[in-house]
Amino acid sequence: GRETESRHVVSVRSLLPGSVCSSPRDSNPFMLKVVHRHGPCSPLTPGQKPDYTELLSQDQARVNWLHHWISTSSNQKSTRASLAANIPASSGGSIGTGNYVVNVGFGTPTKEFTVVFDTGSDLTWIQCSPCRSCYPQQQQLFDPSRSSTYSNISCNSPKCSQLDSSSCLAGRCRYEVDYGDKSQSEGFFGSDTLTLTPSDVLPNFLFGCGDQNKGLFGQAAGLLGLGRQPVSLVSQLKSKYGGVFSYCLPSTSSSSGYLKLGGGAPSNVNFTPMRASSSQPSFYFLDLVAIEVGGKQLPISQTVFSNAGTLLDSGTVITRLPPSAYAALRSRFRQLMTMYKMAPPQSILDTCYDFTGNDTVSVPTVALVFGGGATLNVDFTGILYVFNMSQACLAFAGNDDASD
Amino acid sequence: VGIIGNVQQKRFDVVYDITNSRIGFGANGCS
């Protein structure tokens with residue numbers, strides 16, 4: 001496609017996902033390969049074709065969960081206990097609905113598992129045998145008794161106290177992670193060798209060996225927690241990798257990206273300050289200060305963004321904006337798309353177009369401007385969420401409340 | 001809060017530099 005300062009011009013055909021994985025089998029040995037969970041590159045056997053409306057509904061559930069979690073996070077342990085009670089199962093969000101997966105190895109000899117990766121949670125866990133209650137997964141369960149390097153963590157170990165929610169059984173530390181929709185992982189807290197890549201073999205990695213797990217994890221074996229708390233993968237490996245990690249999410253489900261620990265940043269990366277919150281210690285906050293559409297900044301006061309705050313999450317699908325910011329974005333976007341026939345709204349997306357009969361489409365650029373001047377000129381594939389040719393929707397949504 | 005979701009992050013190198021408390025974005029990643 002072509003790109004000007006104000007519009008993307010692309011072939012209509014390129015909007016649709018490919019059915020064949022175009023990613024090379026041999027990926028870079030120093031990086032983890034990141035693929036979409038439901039695409040042709042996923043190592044997980046495809047079940048039913050994903051229902052996009054259902055995926056967006058799950059996305060809203062996750063956002064509800066994040067909002068609820070953050071608004072009541074002054075006392076996290078009691079909040080966790082109350083979440084399941086306060087949020088109906090149908091509207092609660094699962095942290096495990098993340099769309100991107102990576103393969104990692106646990107134990108000695110190493111066994112490979114496909115896990116969702118998530119910057120919005122901390123504890124890494126996989127399903128283990130013997131299992132009291134596990135959901136079906138693609139790979140065989142991890143059996144710690146067959147790993148020569150697995151160790152249990154005792155209840156009186158300081159490592160056990162790193163957990164948000166722990167208990168003790170026969171002297172062994174147990175973890176529990178409860179999510180808003182009553183999704184759950186519970187099991188023994190242990191350590192073993194984690195093999196990320198052939199050059200990233202990490203002994204004594206702390207993780208959850210889940211024996212009671214349920215929720216919307218698909219066929220994935222577990223979850224890779226990349227949040228900010230001490231138990232997260234990033235924090236555990238801070239001394240080895242300098243507290244730096246990076247990823248790239250592929251533009252289509254038929255291609256792949258990467259997840260990398262440590263290393264330098266590409267030269268074209270622009271930085272914005274990270275805002276840490278002591279009351280919300282898992283999340284990565286940053287300062288969104290402006291939005292540009294078609295090369296022009298929208299008339300949104302910075303206080304609209306600063307009053308709400310903004311976090312960066314690999315597990316949420318659609319960007320959520322304060323209501324007035326979204327209204328301004330939608331209004332300008334619609335003004336610049338009047339040459340296309342509008343289509344009915346879909347789920348949480350209310351600005352949709354029918355591109356039937358067009359060979360190419362021209363869509364205004366969208367940029368997110370962060371504190372310090374870092375700008376994310378959203379890739380074309382991040383501006384529209386395409387259900388099909390007759391329904392391509394602006395891939396942003398508004399929060400219900402200005403203080404959300 | 002507002003939330004920057006993964007659709008908008010596609011094809012960017014997203015760098016989390018926790019030691020220096022900064023987050024970076026680089027266009028045309030994943031190559």
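Lettering follows sequence order; numbering is per chain, from 1.
Side-chain N or O atoms of A:Asp379 include one that pairs as donor or acceptor with a backbone N or O of A:Thr381 at under 3.5 Å. At least one donor-acceptor pair closer than 3.5 Å links the side chain of A:Asp122 to the backbone N or O of A:Gln229. With A:Ser347 contributing its side chain and A:Leu349 its backbone, the two residues share no donor-acceptor pair below 3.5 Å. In terms of modelled atom types and a separation under 3.5 Å, the side chain of A:Asn268 and the main chain of B:Ala27 share a donor-acceptor contact.
Looking at A:Thr119, the atoms closer than 4.5 Å to chain B (heavy atoms on both sides) all sit in the side chain, from C-beta outward. Of the two parts of A:Phe245, the backbone and the side chain both hold a non-hydrogen atom closer than 4.5 Å to a non-hydrogen atom of chain B. A:Leu226 does not touch chain B: none of its heavy atoms, backbone or side chain, sits under 4.5 Å away. The contact between A:Lys238 and chain B is made entirely by side chain atoms (from C-beta outward), counting heavy-atom distances below 4.5 Å.
Residues satisfying the side chain to side chain contact (heavy atoms under 4.5 Å, CB included) test with A:Ser255, not counting sequence neighbours, are A:Ser22, A:Pro250, A:Ser251, A:Thr252.
Looking only at heavy-atom pairs under 4.5 Å with chain B, the residue among A:Val244, A:Leu368, A:Leu286, A:Val366 that has the most is A:Val244. Most heavy-atom pairs under 4.5 Å with chain B: of the set A:Tyr284, A:Phe305, A:Tyr326, this distinction falls to A:Tyr284. The most heavy-atom pairs under 4.5 Å with chain B, out of A:Thr319, A:Val378, A:Thr310, A:Leu321, come from A:Thr319. Listed options A:Ala397, A:Gly257, A:Gly242, A:Ser267 were ranked by heavy-atom pairs under 4.5 angstrom with chain B; first place goes to A:Gly242. Interface summary for chain B: among A:Cys248, A:Ser235, A:Gly263, A:Ala265, the most heavy-atom pairs under 4.5 angstrom belong to A:Cys248. Interface summary for chain A: among B:Val14, B:Asn20, B:Thr19, the most heavy-atom pairs under 4.5 angstrom belong to B:Val14. Looking only at heavy-atom pairs under 4.5 Å with chain B, the residue among A:Leu376, A:Leu288, A:Val34 that has the most is A:Leu376.
For the residue pair A:Thr272 and A:Gly371, the shortest heavy atom distance occurs at OG1-O, 2.6 Å. Residue A:Leu66 comes nearest to A:Thr316 through the heavy atom pair CD1-OG1, 3.6 Å, listed as atom of the first residue, atom of the second, then distance.
A salt bridge does not link A:Asp400 with A:Arg320: none of the charged nitrogens is closer than 4.0 Å to a carboxylate oxygen.
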